[in-house]
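Count residues from 1 along the sequence.
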Amino acid sequence: MQEINKLYDEFNNEKDHFKKSNLLHKLTKEHDLKLAEISKNINLSPSYISHIMRLKKLPDLIIDGYYSNQISITHLYIISRLLEVKDMIQIYENVLTNNLTTLETDDLVRQKLYGVKSEGTYLLDEDKNTIIEKLNNILAGKIKIVQTRVKSKIIIELKGSLKETSDKIKKLMDFLNNS
């Protein structure tokens with residue numbers, strides 16, 4: 001337990017992101033600690049800890065680029081989401097060649113991971129509300145519209161018996177077919 005506490009202290013005092021990543025790997029691998037437990041003890045979210053740990057999989061070429069101030073740590077967090085080293089290097093070189101912002105880098109990584117290019121704009125709240133209102137006139141249910149840069153969903157939750165919900169779904173289909 002004393003060694004674990006020492007590692008927590010080292011982590012909290014460490015400024016270098018790659019050394020922090022190594023300390024987290026030590027806690028998870030050598031001491032078999034779960035992310036939730038580590039996160040509780042160092043007051044960071046499990047997702048942030050995962051981001052730090054992903055840095056460990058970056059190739060030396062990219063790490064050297066960080067230490068020579070060619071690329072920011074935020075770029076590295078984004079690039080580390082990629083699964084293949086060749087993809088990491090390709091995006092890294094693109095960042096350097098084209099002086100990409102973190103947002104542009106994130107778009108490239110999303111494109112590589114999901115095969116979807118982030119383009120266009122989100123629906124305005126007034127447009128969402130109009131759509132929800134029209135659907136509610138037909139269905140009288142709980143309706144939600146969710147948009148991200150790579151996918152959008154319309155979530156329709158209908159309560160009632162199987163007959164009631166089936167009738168509402170058929171009513172929606174009739175409306176869509178006649179529109």
Side-chain angles (χ1 to χ4, degrees), residues 8 10-29 33-135 142-157:
Y8 283 140
E10 277 183 61
F11 179 87
N12 286 325
N13 294 323
E14 186 57 61
K15 301 291 182 229
D16 184 279
H17 296 274
F18 294 98
K19 289 180 182 174
K20 281 185 175 228
S21 181
N22 288 332
L23 290 167
L24 288 173
H25 273 274
K26 198 172 206 176
L27 286 165
T28 58
K29 301 297 180 213
L33 296 176
K34 304 289 180 227
L35 288 185
E37 185 179 349
I38 295 170
S39 121
K40 193 170 117 182
N41 286 313
I42 57 178
N43 264 348
L44 292 173
S45 72
S47 67
Y48 185 67
I49 290 171
S50 293
H51 291 315
I52 296 170
M53 289 181 69
R54 272 199 324 259
L55 293 176
K56 191 140 176 75
K57 70 179 193 175
L58 290 170
D60 290 339
L61 170 73
I62 296 174
I63 295 168
D64 291 344
Y66 168 72
Y67 283 120
S68 61
N69 294 319
Q70 293 179 321
I71 193 165
S72 74
I73 192 65
T74 308
H75 282 95
L76 297 187
Y77 282 128
I78 294 167
I79 291 171
S80 70
R81 291 175 24 219
L82 292 164
L83 307 174
E84 302 287 330
V85 170
K86 69 177 177 45
D87 292 338
M88 291 177 194
I89 292 170
Q90 179 188 14
I91 298 290
Y92 167 73
E93 289 173 347
N94 199 333
V95 168
L96 295 182
T97 304
N98 298 306
N99 199 26
L100 298 181
T101 65
T102 54
L103 188 57
E104 292 166 330
T105 305
D106 191 48
D107 282 344
L108 278 179
V109 168
R110 283 176 188 274
Q111 197 172 338
K112 190 67 87 172
L113 286 172
Y114 308 115
V116 176
K117 186 171 182 160
S118 298
E119 57 188 4
T121 58
Y122 292 101
L123 287 174
L124 298 174
D125 285 341
E126 63 188 54
D127 293 333
K128 282 184 186 179
N129 291 337
T130 301
I131 294 166
I132 289 170
E133 187 179 317
K134 284 184 179 186
L135 287 171
K142 183 179 175 185
I143 299 162
K144 186 177 182 182
I145 297 174
V146 179
Q147 288 187 291
T148 68
R149 288 187 276 168
V150 293
K151 67 181 175 181
S152 295
K153 301 188 268 188
I154 298 176
I155 302 165
I156 301 172
E157 184 179 311

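At most 12 heavy atoms of other shown residues, nucleotides or ligands fall within 6.0 angstrom of atom NZ in K26. With a 6.0 Å radius and a threshold of 12 heavy atoms from other residues, nucleotides or ligands, K134 has its NZ atom at or below the threshold. Within 6.0 Å of NZ on K40 lie no more than 12 heavy atoms contributed by other residues, nucleotides or ligands. Within 6.0 Å of the OH atom in Y114, the count of heavy atoms belonging to other residues, nucleotides or ligands does not exceed 12.
With hydrogens and angles disregarded, a donor-acceptor distance shorter than 3.5 Å links the side chain of H75 to the backbone of L100. When atom types are taken as modelled, the side chain of K144 and the backbone of K153 share no donor-acceptor pair closer than 3.5 angstrom. Side chain of Q147 to backbone of L123: a donor-acceptor contact under 3.5 angstrom is found.
Heavy atoms only, all atoms of each residue included: L35 and M53 are closest at CD2-SD, 3.5 Å. When every heavy atom of S21 is checked against every heavy atom of I52, the shortest pair comes out as OG-O, 3.1 Å. In terms of heavy-atom proximity, M88 sits nearest to L58 at SD-CD2, 3.9 Å. The two residues N41 and Y8 come nearest to each other via the heavy atoms ND2-OH, 3.0 Å. Residues L44 and F11 share a closest heavy-atom pair of CD1-CE2, 3.6 Å. Nearest approach of F18 to I63, heavy atoms of both residues: CE2-CG1, 3.6 Å.
Partner of K112 under the salt bridge (Lys or Arg N to Asp or Glu O under 4.0 Å) criterion, chosen from D87, D106, D107: D87.
With rounding to the nearest 0.5 angstrom, the CD atom of E14 is 9.5 Å from the CG atom of N22. In this structure, CG on N94 lies 6.5 Å from OG1 on T97, to the nearest 0.5 angstrom. Going from atom OH of Y48 over to atom CD1 of I42 covers 9.5 Å, rounded to the nearest 0.5 Å. Summarising the geometry, atom CD1 belonging to I131 is positioned 4.5 Å from atom CD1 belonging to I145; distances are rounded to the nearest 0.5 Å. Rounding to the nearest 0.5 Å gives a distance of 6.0 Å between CD1 of I49 and CG of L24. Atom CD1 in I78 sits 9.0 Å away from atom CZ in R110 (nearest 0.5 Å).
The shortest distance between side-chain heavy atoms of L108 and V95 does not fall below 4.5 Å. Counting only heavy atoms from C-beta outward, the side chains of I79 and I71 approach each other to under 4.5 Å.
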(request) Mind running side chain to side chain contact (heavy atoms under 4.5 Å, CB included) on Y67 and D16 for me, showing each step along the way? (result) CA-CA 10 Å; Y67 283 120; D16 184 279; 2.5 Å; yes
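By the 30° and 60° cut-offs, the orientation of the rings of Y77 relative to H17 is perpendicular.
Annotation: side-chain hydrogen bond (donor to acceptor under 3.5 Å, both in side chains) contacts of N129 (sequence neighbours excluded): none.
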